[in-house]
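Below is one structure, written out as structure tokens, with a few remarks after it.
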Amino acid sequence: MKLGIMQPYFFPYLGYFELIARTDRWVVFDVVQYNPRSWMSRNRILHPSGGWQYINVPVARSPHGTAISAIRLRDRVAARQRILGQIEHYRMEAPHFRAVTALVDSTFAISSDRLVDLNVAGLSAVCAYLGLNFSYSICSQAGFDLEGVTHAGDWALKIAGQLGASEYLNPVGGRAIFRQSDWDAASIRLGFIDPPDLRYACGRYEFVEHLSILDVLMWNDPETVRHALLAKR
């Protein structure tokens with residue numbers, strides 16, 4: 001069983017979904033501290049005047065050190081309306097505008113005010129649209145024994161061992177936090193993946209790398225995106 005573990009990001013970039021596509025099981029890692037300057041509550045799309053702009057989901061104030069699992073949305077309905085307005089400029093040129101708008105709508109249709117639930121809803125909606133298996137557990141609800149973690153890469157090793165994973169995959173950018181000898185001792189293969197290289201035409205706009213999956217899906221049909229995610233298998 002190939003395992004992937006990541007913090008719950010808000011409509012993340014394409015590489016996040018490649019990791020999902022190449023794993024058999026997923027753990028939504030929501031037990032560590034929320035970082036307001038991370039991709040957990042914001043991402044990037046094209047700006048109507050060129051370049052890019054942030055889309056974000058405001059969250060309620062919380063003490064420093066609050067776990068991701070405890071972060072609450074400030075106003076889900078208002079955030080939905082603002083983001084739908086921010087993607088409206090895609091309407092005139094992006095061939096899949098309606099489909100992407102429906103993904104945003106279905107994500108914000110949840111009744112929960114937890115950030116992790118909103119982000120998981122977004123991941124689930126995109127995976128269903130692309131035909132990807134998304135078999136996940138939410139870490140804070142899964143009952144893992146995480147006592148005795150000694151460094152950043154140890155979280156994944158403890159979870160992988162408890163789930164009986166044969167292999168753990170991680171984005172290559174995080175390689176430095178892992179100790180290969182620990183994984184060898186546990187007989188779990190440790191693998192790293194590079195982000196997919198999918199460049200595409202954006203009408204009158206200039207292509208910008210690593211934008212939200214929303215931008216990717218505006219310009220590309222599901223089969224094209226799915227092929228890019230699975231091409232390295």
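Without hydrogens or angle criteria, Tyr168 side chain to Trp183 main chain gives no donor-acceptor distance under 3.5 Å. In this structure, Thr66 contributes its side chain and Ser62 its backbone to no donor-acceptor pair below 3.5 Å. Not one N or O on the side chain of Arg72 forms a donor-acceptor pair closer than 3.5 Å with the backbone of Leu115.
For the pair Arg44 and Tyr54, the cation does not sit on the ring face, since its NZ or CZ is not both under 6.0 Å from the ring centre and inside 45° of the axis.
Annotation for Tyr13 and Asn43: closest pair N-ND2, 4.3 Å, computed over non-hydrogen atoms. What you find for Pro48 and Gln53 is that their closest heavy atoms are CD-NE2, 3.5 Å.
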(request) Kindly indicate, with the supporting measurements, whether the criterion salt bridge (charged side-chain N to carboxylate O under 4.0 Å, His left out) is fulfilled by Asp113 and Arg76. (result) CA-CA 7 Å; Asp113 69 344; Arg76 177 171 46 84; over 6 Å; no
(request) Show the numbers, then the answer: is there a salt bridge (charged side-chain N to carboxylate O under 4.0 Å, His left out) between Lys2 and Asp24? (result) CA-CA 5 Å; Lys2 294 182 181 179; Asp24 305 306; over 6 Å; no
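Note: Tyr136 OH to Thr23 OG1 = 14.0 Å, rounded to the nearest 0.5 Å. The distance from atom CD1 of Ile213 to atom CG of Leu103, rounded to the nearest 0.5 Å, is 9.5 Å. Note: Leu73 CG to Arg114 CZ = 10.0 Å, rounded to the nearest 0.5 Å.
Each of Leu230, Leu229, Leu169, Asp194 was scored for a side chain to side chain contact (heavy atoms under 4.5 Å, CB included) with Glu18, with one residue passing: Leu229.
The aromatic ring centres of Phe29 and Trp155 sit less than 6.0 Å apart.
Taking the charged nitrogens against the carboxylate oxygens, Lys158 and Glu147 have no contact shorter than 4.0 Å, which rules out a salt bridge.
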